[in-house]
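Both counts, for ligands and for their atoms, begin at 1 and track the order of listing. Since this is a predicted model, take the numbers as computed values, not measurements.
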Amino acid sequence: MGIPSDLAVGAALTKRRSGRFWPARLDSLQSASGLFLALFLWVHLFAEASILLGKDAMYRVTMFFEGYYLFGTPYPIIITLFSLFILAIVVLHAVLAVRKIPVSYRQYRAYRDHQKLMHHEDTSLWWVQVYTGFALFFLVSVHLYTMISQPANIGPYASSDRVVSEWMWPLYVLLLVTSVIHAAVGSYRVGVKWGWLPARDPALGRRRLKWLMRGFIVFFLLLGFTSLGAYMKIGIEHRDQVGERYVPTWQQESPAPAGRPEVMP
Ligand code: HEM
């Protein structure tokens, strides 16, 4: 083998130097995908809470997401495609996060000893993310698969039947608690990590951000559980007519037994 030229050595060094930035790039991508998913979850919980305004309101929101107001006809395939996109982001986020989890007992012990010694709440919060993130692997997969495979089965009756008669409520209770905590704690940690604090003084900024995190957890748990309660109430009342589709009030004189009504006011 010959002696490498100056040019080849230079190129190898540049390559190695740029390789050093990869952990930071992957960390940024992890933060960005996590923030995106947290934002999606909060918007999703609001959209889904439309049931609290009545069955017609939830029906309209469903129509909106199926593109009715854009195309004049509902296209449930939009829900499938969007759910696939969300699934891709979830997988990306999970793959990036898994890099950080201790893989051997030695690594685990080192982390635990460090945590005990430091008594640092933010370090302990990371462990909350590991537990909730692990549970979410399973919980989100089931929910997203349902949305991908049955996009037309969303609506005041279809969703409530799924929650009660198809026994999805226990999964939704777990999904709600884990996803709301994971999203709020994750966003807090991203804020601390990149220095996005709501005060010049870092200690004060951190305290404020922590209060914001707790506020988000309480607010979205309340909103989610109230909505889930509404779906359960409708699902219980509708137990004997499972499969029947909701007909909005403006269509009730000429009810359509299945599928979507053709005309919207
Ligand atoms: C694009 C993908 C998604 C769609 C279309 C979707 C749609 C829905 C719908 C229609 C419901 C009402 C119940 C039902 O019909 O079964 C629901 C419930 C729920 N979804 Fe999603 N979802 C999606 C992704 C997610 C993700 C990624 C999460 C969590 C990270 C999530 C968390 C929840 C929770 C916690 C509930 C129960 C609601 C409550 O307790 O108020 N969803 N979703």
Side-chain angles (χ1 to χ4, degrees), residues 33-53 55 57-67 74-94 97 129 131-187 216-236 238 242-243 245-246 260:
S33 56
L35 275 185
F36 172 80
L37 288 171
L39 215 66
F40 164 78
L41 177 70
W42 297 327
V43 172
H44 166 307
L45 289 177
F46 270 118
E48 207 226 313
S50 56
I51 197 69
L52 298 173
L53 301 176
K55 297 188 191 92
M58 198 255 173
Y59 183 87
R60 279 180 194 277
V61 170
T62 309
M63 286 286 112
F64 171 79
F65 285 114
E66 289 182 9
Y75 288 107
I77 184 80
I78 296 174
I79 305 285
T80 298
L81 294 176
F82 188 64
S83 302
L84 280 169
F85 167 70
I86 294 292
L87 180 65
I89 306 287
V90 169
V91 170
L92 172 76
H93 182 68
Q129 290 307 80
Y131 281 125
T132 50
F134 184 73
L136 280 168
F137 258 129
F138 306 98
L139 302 169
V140 169
S141 312
V142 177
H143 180 46
L144 277 180
Y145 187 75
T146 313
M147 294 300 130
I148 290 165
S149 59
Q150 302 169 32
N153 284 345
I154 297 174
Y157 286 163
S159 294
S160 305
D161 286 346
R162 182 171 25 249
V163 168
V164 175
S165 301
E166 293 175 22
W167 278 88
M168 282 297 275
W169 67 266
L171 183 118
Y172 283 152
V173 168
L174 296 175
L175 181 60
L176 181 65
V177 173
T178 45
S179 61
V180 164
I181 293 178
H182 194 85
V185 172
S187 305
F216 267 59
I217 292 178
V218 171
F219 176 78
F220 282 103
L221 281 183
L222 278 177
L223 186 73
F225 274 118
T226 317
S227 312
L228 197 57
Y231 285 108
M232 290 185 77
K233 183 173 176 289
I234 299 170
I236 290 168
H238 199 245
V242 172
R245 289 316 211 67
Y246 179 71
R260 309 278 189 221

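- A heavy-atom distance below 4.5 Å is not found between the side chains of Y145 and V140.
- For the pair F225/V173, a side-chain contact is recorded, criterion being any heavy-atom separation below 4.5 Å from C-beta on.
- More than 12 heavy-atom neighbours from other residues, nucleotides or ligands sit within 6.0 angstrom of CZ on F219.
- The side chain to side chain donor-acceptor pair (under 3.5 Å) analysis of residues 224-234, with sequence neighbours excluded, yields the pairs K233-E237.
- Of all protein atoms, those that are N, O or S and lie under 2.8 Å from atom 21 (Fe) of ligand 1 total 2.
- The closest protein non-hydrogen atom to atom 36 (C) of ligand 1 is Y172 CD2, 3.8 Å.
- Taking each of P151, G155, G224 in turn, the one with a heavy atom nearest to atom 39 (C) of ligand 1 proves to be G224.
- You'll find the side chain of I78 reaches within 4.5 Å of the side chain of Y75, heavy atoms only.
- Partners of H143 according to the side chain to side chain donor-acceptor pair (under 3.5 Å) rule, which considers only residues two or more places apart in sequence or in another chain, are Y172.
- Between S159 and ligand 1, an N or O atom pair is found at a separation short of 3.5 Å.
- At under 3.5 Å, not a single nitrogen or oxygen of S83, backbone or side chain, sits near a nitrogen or oxygen of ligand 1.
- With hydrogens and angles ignored, the 3.5 Å screen pairs no side-chain donor or acceptor of T178 with any backbone N or O of L136.
- Shortest non-hydrogen contact noted between T80 and M147 is OG1-O, 4.3 Å.
- The contact set between ligand 1 and F82, taken as ligand atoms under 4.0 Å from a residue heavy atom, comprises 1 (C).
- A distance-only check finds a donor-acceptor pair linking the side chain of R162 to the backbone of N153 [under 3.5 Å].
- Near S227, meaning under 4.0 Å from one of its heavy atoms, ligand 1 places the atoms 41 (O).
- Residue, atom and distance of the protein heavy atom nearest to atom 10 (C) of ligand 1 are I154 CG2, 3.5 Å.
- For atom 29 (C) of ligand 1, the nearest protein heavy atom (residue, atom name, distance) is L41 CD1, 3.6 Å.
- At distances below 3.5 Å, not a single donor-acceptor pair connects side-chain atoms of S50 with backbone N or O atoms of F46.
- Looking at I86 against ligand 1, only its side chain comes within 4.0 Å, counting heavy atoms.
- For F225, no nitrogen or oxygen atom sits less than 3.5 Å from a nitrogen or oxygen atom of ligand 1, counting backbone and side chain alike.
- Within ligand 1, the atoms closer than 4.0 Å to a non-hydrogen atom of I79 are 5 (C), numbered from 1 in the order shown.
- Counting non-hydrogen atoms of neighbouring residues, nucleotides and ligands closer than 6.0 angstrom, the CZ atom of F134 reaches no more than 12 such neighbours.
- Polar contact with ligand 1: present for R162 (N/O pair, distance under 3.5 Å).
- Residue-ligand proximity, L228 to ligand 1, at heavy-atom distances under 4.0 Å covers atoms 40 (O), 41 (O).
- The ring-ring contact (aromatic ring centres under 6.0 Å, His included) check on Y131 picks up W127, with sequence neighbours excluded.
- Looking at Q129, its side chain does come within 3.5 Å of a backbone N or O of H182 through a donor-acceptor pair.
- Among protein heavy atoms, the minimum distance from atom 26 (C) of ligand 1 is reached at F40 CE2, 3.8 Å.
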